[in-house]
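Working notes, beginning with the structure itself.
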Amino acid sequence: MQSIINLLTRAVFMSTPLILGALGEVVSERSGMMVCAVEGIFLGGAWGGFAGAYLSGGNLLVGFLSAMIVGLLVALLYGFTTIYMGQHQIVMGTAVAILMTGFCTFFYRVIFGTPTSPLKVSTLKKLPLGPLAKIPVIGQIVFSQNIITYIAWILVPLISYFIFRTANGLTLRSCGENPEAVDVAGINVRRVRILAVGFAGILGGVAGAYYSLCNVGMYTSEIISGRGWIAFGICFLGNWNPVGVLIYGVIFGICDALGNYVKALGTSVLPNELFSALPYLLVIIMTALRRSFNVPAKLGTNYIKEE
Amino acid sequence: MNKRGEFGRLIFWTVLAIFLGLLICYLFLPLMGVSPSLAFTTMVTGVFSDKFTMGNILIKTTPLILTGLAFSFTYKANLYNIGAQGQFYVGCMGAVAVSLRLAEKIPGPLVLILACAAAMAGGALTGFIIGFLKAKAGANEFLVSMMSTYVVIYLLQYSLGSWLQEDKHEYLKTNSIKKAVWLPKIIDGTSVSLGIVIAVIAAIVVWLILYRTTLGYRVRVTGQNIHAARLSGINPVREYMIAFAISGAIAGLAGFTEINGMQHMLLTDFESSIGSYGIGIAIMASANPIGVIFAALLFGFLQVGGTVLSHSTDAPASVIDLMLGFVMLFVLMSFFFRRRSELRAMKKQALTKEV
């Protein structure tokens with residue numbers, strides 16, 4: 001029983017960055033912009049977060065703030081070239097990913113040289129929520145997580161409310177469904193889109209930093225290894241809906257935790273690699289099985305104003 | 001608008017973009033105590049001083065041509081095959097399995113043909129699955145192909161730890177394949193194998209398929225206007241599967257040229273970024289199969305140049321990705337400026353005609 005509770009606690013812990021990244025993706029994809037640079041944004045966040053925290057003597061707040069800034073800058077680079085220069089989104093995403101791989105490794109070397117043992121910062125502490133944390137089972141799984149996790153949960157209803165219940169949310173969605181109409185109404189489609197992409201960049205930066213500052217307390221160039229794309233997939237599977245994102249985020253958190261759990265157990269009949277590949281397999285199977293998607297009509301198409 | 005002016009503009013903007021990309025990258029080098037001018041001269045003289053290093057460019061170029069072609073082919077059908085890396089690994093497994101099991105049992109050239117066929121079949125199958133899911137289940141091919149790479153990476157890890165593992169069972173790699181099943185070297189004093197020839201032939205064949213056969217025509221029409229395609233009796237669903245299978249086969253072929261031509265064994269993290277470089281190459285070449293050869297040569301040169309740079313100065317190896325990233329970014333941006341200058345020229349032409 002205790003091991004199952006531990007597994008689920010770990011699952012919730014590992015689902016946070018996926019939820020954060022996917023929430024940002026939901027907001028920007030609702031405006032018609034796929035953030036294909038998500039992998040690069042995550043990596044930038046992981047790097048920026050670690051550098052900020054380490055250089056400020058282990059101050060994690062500085063770490064997360066610098067992760068946000070790096071994430072925002074990467075997203076703006078992506079947004080500027082796709083929205084204002086009309087470049088293809090998927091292609092630009094790949095270019096940004098390659099650039100960030102080089103950039104982060106290069107500047108890690110510039111700032112820290114080649115340390116003999118890996119540099120570490122102490123990871124973010126858990127924050128048990130007083131009496132709630134004392135509830136059996138649920139207390140440990142849900143109410144003894146760190147603050148970023150709680151923020152991610154609060155963001156789910158907030159973003160949901162923003163997208164579906166506010167005038168600005170309607171504008172955002174219209175940019176993804178019928179940008180011409182939005183333009184005719186006198187709203188600047190490109191500005192809405194770049195703001196949405198910037199927001200995704202900030203959340204993606206925090207998500208990336210979660211891996212370096214909450215999970216391992218250090219930075220390596222393999223720290224993200226496809227997690228950004230998983231967040232991208234969760235946005236699809238969650239049907240561009242924050243609540244869906246939360247559900248799928250937890251499912252993938254369980255996958256992630258299960259892989260580690262089985263590895264630690266070491267007595268499985270099935271190969272470990274199968275469990276490591278599980279999240280990726282799951283995305284493939286689930287996208288293939290789902291029949292109806294509520295895809296924003298203009299997702300991935302750049303808006304070119306007729307002149 | 002004449003074609004010549006268009007080509008001239010393409011060359012001008014691309015060269016400018018490459019230059020600016022490298023310049024920005026070099027401006028970061030003083031942070032590591034390397035002066036930009038020294039870096040530039042080291043790179044150029046280092047690469048072109050001896051035959052062996054120059055040969056390395058061709059070696060690096062070989063798989064990049066093929067992954068670039070793989071992305072180009074689906075791109076023509078307006079599909080995105082981001083999973084060339086995975087298809088390449090499956091191709092590697094096919095080639096190495098055949099080469100290990102059949103070497104010295106049947107004649108070398110025959111093994112090579114079979115290894116090539118196995119690599120292409122493996123890649124084609126992986127690609128076909130993606131195309132199938134896209135066509136029959138309406139899955140997003142971009143997402144599925146992206147994820148397939150990670151699945152294949154773990155499949156590769158598993159295989160290297162079990163049925164393909166070397167005899168000592170210590171490391172995650174295979175035995176070296178026998179010399180009889182190596183692709184022959186074609187230039188003395190270098191390690192350049194027949195692989196580069198295969199890659200160039202592949203580029204020409206892909207060009208022929210795309211522009212000189214009905215198959216290629218159907219694929220391109222599907223990509224340009226799916227409704228028109230359907231009305232003229234083309235079944236887009238079928239074209240999706242065909243395009244993905246062919247794309248996968250090309251990426252798988254890269255596995256053959258790398259295993260039998262270059263590395264002679266398979267190990268983990270093997271050429272782990274040729275898939276994403278391939279996308280960059282295809283786009284720089286506007287998905288033109290012949291253009292892919294030249295874009296791949298540029299990437300090959302930058303990779304070898306970066307390696308020389310990191311060996312002979314204090315610059316780290318990550319400078320390669322930094323260079324490639326900036327060059328790609330600037331080339332993509334140059335498309336925007338080129339288009340604008342083309343439009344301006346067209347307007348001017350229209351004006352002079354009116355007068």
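Chain identifiers are assigned alphabetically (A, B, ...) following the order of the sequence lines, protein sequences preceding nucleic acid strands; residue numbering begins at 1 within each chain.
- The shortest distance between side-chain heavy atoms of A/Y78 and A/C36 falls below 4.5 Å.
- Ring centroids of A/F112 and A/F50 are separated by less than 6.0 Å, placing the two rings close together.
- Chain A forms more heavy-atom pairs under 4.5 Å with one residue of B/L324, B/I320, B/N140 than with any other, namely B/N140.
- The greatest number of non-hydrogen atom pairs below 4.5 Å with chain B, out of A/G86, A/S225, A/A97, A/S221, is found for A/S225.
- Using a 4.5 Å cut-off between heavy atoms, B/I153 makes no contact with chain A at all.
- Looking at heavy atoms from C-beta onward, B/W13 lies out of side-chain contact with B/F336 at the 4.5 angstrom threshold.
- Neither the backbone nor the side chain of A/L278 comes within contact range of chain B; no heavy atoms are under 4.5 Å apart.
- Residues A/M218 and A/S212 have side chains not in contact (no heavy-atom distance under 4.5 Å, counting atoms from C-beta outward).
- Options B/L133, B/V319, B/I82, B/L329 differ in how many heavy-atom pairs under 4.5 Å they form with chain A, and the most are formed by B/L329.
- Both the backbone and the side chain of B/M333 have a heavy atom closer than 4.5 Å to some heavy atom of chain A.
- Contact of B/Y80 with chain A is made through the side chain alone, with heavy-atom distances under 4.5 Å.
- Neither the backbone nor the side chain of A/C104 has a heavy atom closer than 4.5 Å to any heavy atom of chain B.
- For B/Y158, the parts lying under 4.5 angstrom from a heavy atom of chain A are both the backbone and the side chain.
- A donor-acceptor contact closer than 3.5 angstrom is absent between the side chains of A/N239 and A/Y248.
- With a 4.5 angstrom heavy-atom cutoff, B/D269 does not touch chain A via any of its atoms.
- The part of A/F107 that comes within reach of chain B is its side chain, from C-beta onward, which places non-hydrogen atoms under 4.5 angstrom from that chain.
- For the set B/A139, B/S145, B/S318, B/S148, the count of heavy-atom pairs under 4.5 angstrom toward chain A peaks at B/S318.
- Note: B/L143 leads B/V152, B/L143, B/V144 in heavy-atom pairs under 4.5 Å with chain A.
- A side-chain N or O of B/S247 and one of B/N81 form a donor-acceptor pair less than 3.5 Å apart.
- Contact of A/S276 with chain B is made through backbone and side chain together, with heavy-atom distances under 4.5 Å.
- Using modelled atom types, one side-chain atom of B/Q85 and one backbone atom of B/E271 make a donor-acceptor pair closer than 3.5 Å.
- Checked against a 6.0 Å centroid threshold, the rings of A/W47 and A/F106 do not count as neighbours.
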A/I224/A/R227 under side-chain contact (heavy atoms from CB on, under 4.5 Å): CA gap, chis, key distance, verdict | CA-CA 5 Å; A/I224 301 300; A/R227 254 75 161 251; 4.1 Å; yes

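- Under the 6.0 Å cut-off for aromatic ring centres, B/F330 and B/F335 do not qualify, their centroids lying 6.0 Å or more apart.
- Contact of B/F337 with chain A is made through the side chain alone, with heavy-atom distances under 4.5 Å.
- Chain A forms more heavy-atom pairs under 4.5 Å with one residue of B/M323, B/K134, B/M146 than with any other, namely B/M146.
- Ranked by heavy-atom pairs under 4.5 Å with chain A, the list B/I279, B/L332, B/L31 is led by B/L332.
- Both the backbone and the side chain of A/F103 come within contact range of chain B, with heavy atoms under 4.5 Å apart.
- Contacts between A/E39 and chain B at a heavy-atom distance below 4.5 Å involve the side chain alone, from C-beta outward.
- A search for side-chain hydrogen bond (donor to acceptor under 3.5 Å, both in side chains) contacts involving B/Y26 returns nothing, not counting sequence neighbours.
- In this structure the side chain of B/F71 reaches within 4.5 angstrom of the side chain of B/I283, judged on heavy atoms.
- Residue A/F80: no heavy atom, backbone or side chain, is found under 4.5 Å from chain B.
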